[in-house]
Every structure is written in structure tokens, then in C-alpha cells.
Amino acid sequence: MARQYWLLKSEPGDYSIDDLEKDGTTFWSGVRNYSARNLMRDKMRLGDRALFYHSNADPPGVVGLAEVCRESYPDHLQFDKKSKYFDPKATKETPRWFMVDVEFMEKFPRMVSLGEIRDTAALSDMVLVNRSRLSVQPVRKAEYDRILKMSKT
DNA sequence: GCCAACGTTGGC
DNA sequence: GCCAACGTTGGC
């Protein structure tokens with residue numbers, strides 16, 4: 001299958017592009033929304049690319065790129081009573097939440113802010129603009145390419 | 001900190 | 001299955 005493109009949101013105070021650059025790879029835990037989970041569990045494939053987005057930031061925007069380096073497996077934090085992502089209804093036999101691993105690709109020379117994305121007609125169909133709350137979302141190749149280009153200029 | 005949008009829960 | 005109540009996200 002052709003490579004797919006995604007957008008992953010993270011609050012930089014929680015986990016930023018700098019954290020990913022330092023770690024090299026990370027597990028994308030803590031997704032607790034069914035639509036987002038289904039995309040990760042059922043659609044994300046090794047080698048897919050993701051725009052790394054800083055939400056709840058000032059300003060919010062896309063700050064870099066990551067690559068999916070492991071396909072979905074159960075998110076261990078759902079079993080951890082001390083975690084804020086603990087889910088009492090999840091069991092090891094029937095886990096409810098999944099995650100993928102992602103690898104650092106690059107940090108943009110500059111952020112492509114949500115404001116700029118909103119101001120760009122070619123990006124007006126992005127899920128980010130139309131259904132802002134989804135924390136894992138599909139991105140079209142043309143949109144991905146456009147944002148990448150904007151980050152270099 | 002506010003609040004609109006929207007997702008989830010649970011009673012019926 | 002409906003829908004009111006409630007909780008969360010995330011821009012501003």
C-alpha cells in the first residue's frame with residue numbers, strides 16, 4: 001500500500017518535538033478517543049509519515065515530522081493504576097487502547113502555525129481545520145507536501 | 001480562564 | 001437507541 005500521511009497532536013508541555021528528537025523514538029500512548037484509536041490500530045502502517053503538531057501551544061502549529069516505526073499494540077498505560085490513562089474496563093485479554101511507535105524525522109526550520117494553515121486555501125479541507133479535536137488524523141499527500149514546503153520558506 | 005465544539009456515559 | 005448530563009479538547 002502507498003505510504004499514508006497523518007497528523008499527531010501533542011501538548012509541548014507534555015511531549016514536544018524536542019523530546020522526540022532527544023528520544024529518537026517513542027511510543028504514542030495516551031490516545032483515549034475511539035476515532036483516533038481506530039485510525040492508529042487499523043490504518044497506520046510502518047513507514048507512514050506524520051506531521052507533529054503542538055496543540056495548546058502559543059501559537060499552535062506543525063513543528064516537525066515523524067515516521068511510524070512500529071504498528072499498533074496495546075497501550076500499557078491503560079493497565080497502570082497510577083497513570084492518568086488507566087482504564088478500569090480494559091483487560092490484558094481485551095485491551096481497549098492501542099498505540100504505535102514513532103521515530104523522529106526532522107524538526108522544521110520554523111513552525112507552520114495553525115493560523116497560516118487556516119489562511120491557506122489549499123489546506124482548507126484539512127481535518128485539523130474542520131474537526132479540530134481529533135488528536136490523530138489523516139492528512140492528504142498534497143497537504144503534507146504543502147506544509148513541508150511552507151516550513152522551508 | 002473562558003467557552004464552543006464535540007465525544008462519552010448511562011438511565012430510560 | 002435516544003438523549004440529557006457531563007467531561008474533555010484546544011483555540012483564543
Q: Please give me the minimum heavy-atom distance between A:R146 and A:T120, naming the atom from each residue.
A: NH2-CG2, 3.6 Å

Q: Take atom OH of A:Y85 and atom C1' of C:dT9, then tell me their distance rounded to the nearest Å.
A: 12 Å

Q: Contact between A:D125 and A:R140 at the side-chain level, heavy atoms closer than 4.5 Å - yes or no?
A: yes

Q: For the pair made of NZ in A:K89 and P in B:dT8, what is the distance, rounded to whole Å?
A: 12 Å

Q: For DNA chain B, which residues in residues 27-35 of chain A have a heavy atom at a distance below 4.0 Å?
A: A:N33, A:Y34

Q: Enumerate donor-acceptor pairs with a distance under 3.5 Å from any side-chain N or O in residues 56-71 of chain A to protein atoms, sequence neighbours excluded.
A:
{"unit_1": "A:N56", "atom_1": "ND2", "unit_2": "A:E11", "atom_2": "OE2", "d": "3.1"}
{"unit_1": "A:E67", "atom_1": "OE1", "unit_2": "A:R49", "atom_2": "NE", "d": "3.3"}
{"unit_1": "A:E67", "atom_1": "OE1", "unit_2": "A:R49", "atom_2": "NH2", "d": "3.4"}
{"unit_1": "A:E71", "atom_1": "OE2", "unit_2": "A:L46", "atom_2": "N", "d": "2.9"}

Q: Round to a whole Å and report the spacing from NZ of A:K84 to C1' of C:dG7.
A: 14 Å

Q: Quick one: are the ring centres of A:W28 and A:F52 less than 6.0 Å apart?
A: yes

Q: Have A:Y34 and A:R41 got a donor and an acceptor in their side chains that come within less than 3.5 Å?
A: no

Q: Could you go over nucleotides 10-12 of chain C and give all protein N or O partners under 3.5 Å, atom names and distances?
A:
{"unit_1": "C:dG10", "atom_1": "OP1", "unit_2": "A:K9", "atom_2": "NZ", "d": "2.7"}
{"unit_1": "C:dG10", "atom_1": "OP1", "unit_2": "A:R133", "atom_2": "O", "d": "3.0"}
{"unit_1": "C:dG11", "atom_1": "OP1", "unit_2": "A:Y53", "atom_2": "OH", "d": "2.6"}
{"unit_1": "C:dG11", "atom_1": "OP2", "unit_2": "A:N56", "atom_2": "N", "d": "3.0"}

Q: Does any donor atom in the side chain of A:D145 or A:Y5 lie under 3.5 Å from an acceptor atom in the other side chain?
A: no

Q: Hydrogens and angles aside, do A:S16 and A:D19 bring a side-chain donor and acceptor to less than 3.5 Å of each other?
A: yes

Q: Apply the test side chain to side chain donor-acceptor pair (under 3.5 Å) to residues A:Y15 and A:D23: give CA-CA distance (whole Å), side-chain angles for both, the deciding distance (0.1 Å), then the verdict.
A: CA-CA 11 Å; A:Y15 196 84; A:D23 293 344; 2.6 Å; yes

